[in-house]
Asker: 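I am attaching a structure below and will ask some questions about it afterwards.
Residue numbering restarts at 1 for every chain, and letters A, B, ... go by the order of the sequence lines.
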Protein chains: 2
Amino acid sequence: MARRNDHTREELRELALEAAEHIVQTQGVEALSTRKVATAIGYSVGSLYSVFSNLDDLCWQLNTRTLTELLEELERQQAEEPKACLHAYGLIYLQFAQRHPERWRLLFEHRSPEGKQMPDALETQIATLFSYIDRCLGTLFPAWSANELALRARTVWSGVHGIAQLQLGDKLFLQEPDGATQMLALLIDGLLKGWQQEGECHA
Amino acid sequence: MARRNDHTREELRELALEAAEHIVQTQGVEALSTRKVATAIGYSVGSLYSVFSNLDDLCWQLNTRTLTELLEELERQQAEEPKACLHAYGLIYLQFAQRHPERWRLLFEHRSPEGKQMPDALETQIATLFSYIDRCLGTLFPAWSANELALRARTVWSGVHGIAQLQLGDKLFLQEPDGATQMLALLIDGLLKGWQQEGECHA
DNA sequence: TCTCCTTAATGAACACTGTTCAATTATTAT
DNA sequence: ATAATAATTGAACAGTGTTCATTAAGGAGA
């Protein structure tokens, strides 16, 4: 059996990514293997390696898909007020992590062997993510420089990200089920209020 | 060769953990394997399994050691002023993550197969970590309830933790080399100022 | 229709992994 | 010296990522 041409290269890639996504979601990150993906799509391991350079490559492509999905959800939200917008972003982020815990883990915990860099596509997407927060902060604090803005946007996002990660790792030990959501509100409100009062009104 | 008694059970455990720590630090988390640890301490794989129930167990014990080391560093710092204390804690945390990136990764990214819980010892240590921040916040905001305090202590820690993780994952994309340190200051100062002005002075 | 060439597709092979457990052997007790 | 005990081993099993010689299907030219 050769040159079956049941699927084009691109179709095969899509099939494989879909199968991999399903395995990760249902059996966890560590259950992902080339043989499982191959059998899931009805091809052999060798065929996989004609589409992806290796498992690492497949993981990054999967992560790109995941981040695309997250970015789409973030774009879909349309609060005008920048403060409300930031809250909405944070909530979407937290809920996305909760809904897709394994894919989220792969996105932030996968590292290439031998310190290979993450692909440019993903780097661009993360930059896009930052730009959303940048925009919100920019309208709230028009006086800040681009550098200042970048630094603070990353600070906000780190906070949200930290909450998401600790929550997923069961390292928060909170009684309330919506503890993470409450923390999110405390974080964003606290930072915005604190940064607003910078210089003025210092107790 | 049996009953060599070169080392007691406890000594063997210690040897193995030390070797594992070294492997993780020098070759990365994914390079850790039972055979490598075994050969490093001059025993066979089988002997490892008489001291640890499996690799997962060894990882958790390694993580307990790492967290002990971090807690010791946190205790060593002795700023009286609660605000300064929080800053110091954050800096120690960030620097610890930078100095021991692989052990830190293992600590926060390791998950047991089949959703087994993390051991009680580690849970207690994390609670201790929270208690430090609790104490600082408690003296700054004596009016808060224990619940309120817990929620905010975790919020602060999530922020610091998020900065540490994104920095290690090269997902911050900042020009300045000390960007993470600046973010840390912005985070803590912002949150404290914002939480201080809560209710009063609301713009 | 019958070759010939190209190439999609395979799966055995290699070196690794965690884990188990019968076999071996050094120490202790009798 | 002998028997009992338990520390230690390493082969075996099922899995992993990756490579690559082999196979066979499709198209082109006669």
Asker: I want to check a possible cation-pi pair here: B:Arg4 against B:Tyr43, using under 6.0 Å from ring centre and within 45° of the ring axis as the test.
Answerer: yes
Asker: Report yes if at least one side-chain N or O of B:Ser50 is closer than 4.0 Å to OP1 or OP2 of D:dA7; otherwise report no.
Answerer: no
Asker: Could you tell me how far apart A:Tyr49 (OH) and D:dT19 (P) are, to the nearest whole angstrom?
Answerer: 7 Å
Asker: Reckon B:Arg4 has a side-chain N or O less than 4.0 Å from the OP1 or OP2 of D:dA6?
Answerer: no
Asker: When the ring centroid of B:Trp104 is compared with that of B:Phe96, is the distance short of 6.0 Å?
Answerer: no
Asker: Does B:Tyr43 or A:Lys36 map to a spot on DNA chain D nearer the 5' end, using the closest nucleotide for each?
Answerer: B:Tyr43
Asker: Whole angstroms only, please: what is the CZ-P distance between A:Phe52 and C:dA9?
Answerer: 14 Å
Asker: Can you tell me if B:Ser44 touches the phosphate of D:dT8, counting only side-chain N or O atoms and a distance under 4.0 Å to OP1 or OP2?
Answerer: no
Asker: Rounded to the nearest Å, what distance is computed from the NE2 atom of residue B:His7 to the C1' atom of nucleotide C:dT27?
Answerer: 17 Å
Asker: Could you tell me the separation between the CZ atom of B:Arg9 and the C1' atom of D:dA7, rounded to a whole number of Å?
Answerer: 7 Å
Asker: Measure distances between side-chain N and O atoms of B:Arg35 and base N and O atoms of C:dG18, and say whether any donor-acceptor pair falls under 3.5 Å.
Answerer: yes
Asker: Using a heavy-atom cut-off of 4.0 Å across all strands, would you classify B:Leu32 as base, sugar-phosphate, or nothing?
Answerer: sugar-phosphate
Asker: Whole angstrom is fine here: how far is it from CG in B:Asp6 over to P in C:dA26?
Answerer: 12 Å
Asker: Could you state the CD-P distance from B:Gln27 to C:dT17, rounded to the nearest angstrom?
Answerer: 10 Å
Asker: Might you work through the salt bridge (charged side-chain N to carboxylate O under 4.0 Å, His left out) test for A:Arg111 and B:Glu102, ending with a clear yes or no?
Answerer: CA-CA 11 Å; A:Arg111 214 126 310 164; B:Glu102 293 300 330; over 6 Å; no
Asker: Touch check for B:Ser33, heavy atoms < 4.0 angstrom, all strands: base, sugar-phosphate only, or nothing?
Answerer: sugar-phosphate
Asker: To the nearest Å, give me how far apart CG (B:Asp56) and P (C:dT17) are.
Answerer: 18 Å
Asker: Looking only at the side chain of A:Val45 (C-beta and beyond, no hydrogens), which of the listed nucleotides C:dG11, C:dT19, D:dG17 gets closest?
Answerer: C:dG11
Asker: When you check the gap from the basic side-chain N to the acidic O, do A:Arg99 and A:Glu69 get nearer than 4.0 Å?
Answerer: no
Asker: Please pick, from C:dG18, C:dA9, D:dT9, the nucleotide with the shortest atom-to-atom distance to any side-chain atom of A:Ser47.
Answerer: C:dA9
Asker: List the residues meeting side chain to side chain donor-acceptor pair (under 3.5 Å) with A:Glu21, not counting sequence neighbours, and say none if there are none.
Answerer: A:Arg65
Asker: Nearest whole angstrom, please: distance from the C1' of D:dG15 to the CG of B:Asn54.
Answerer: 16 Å
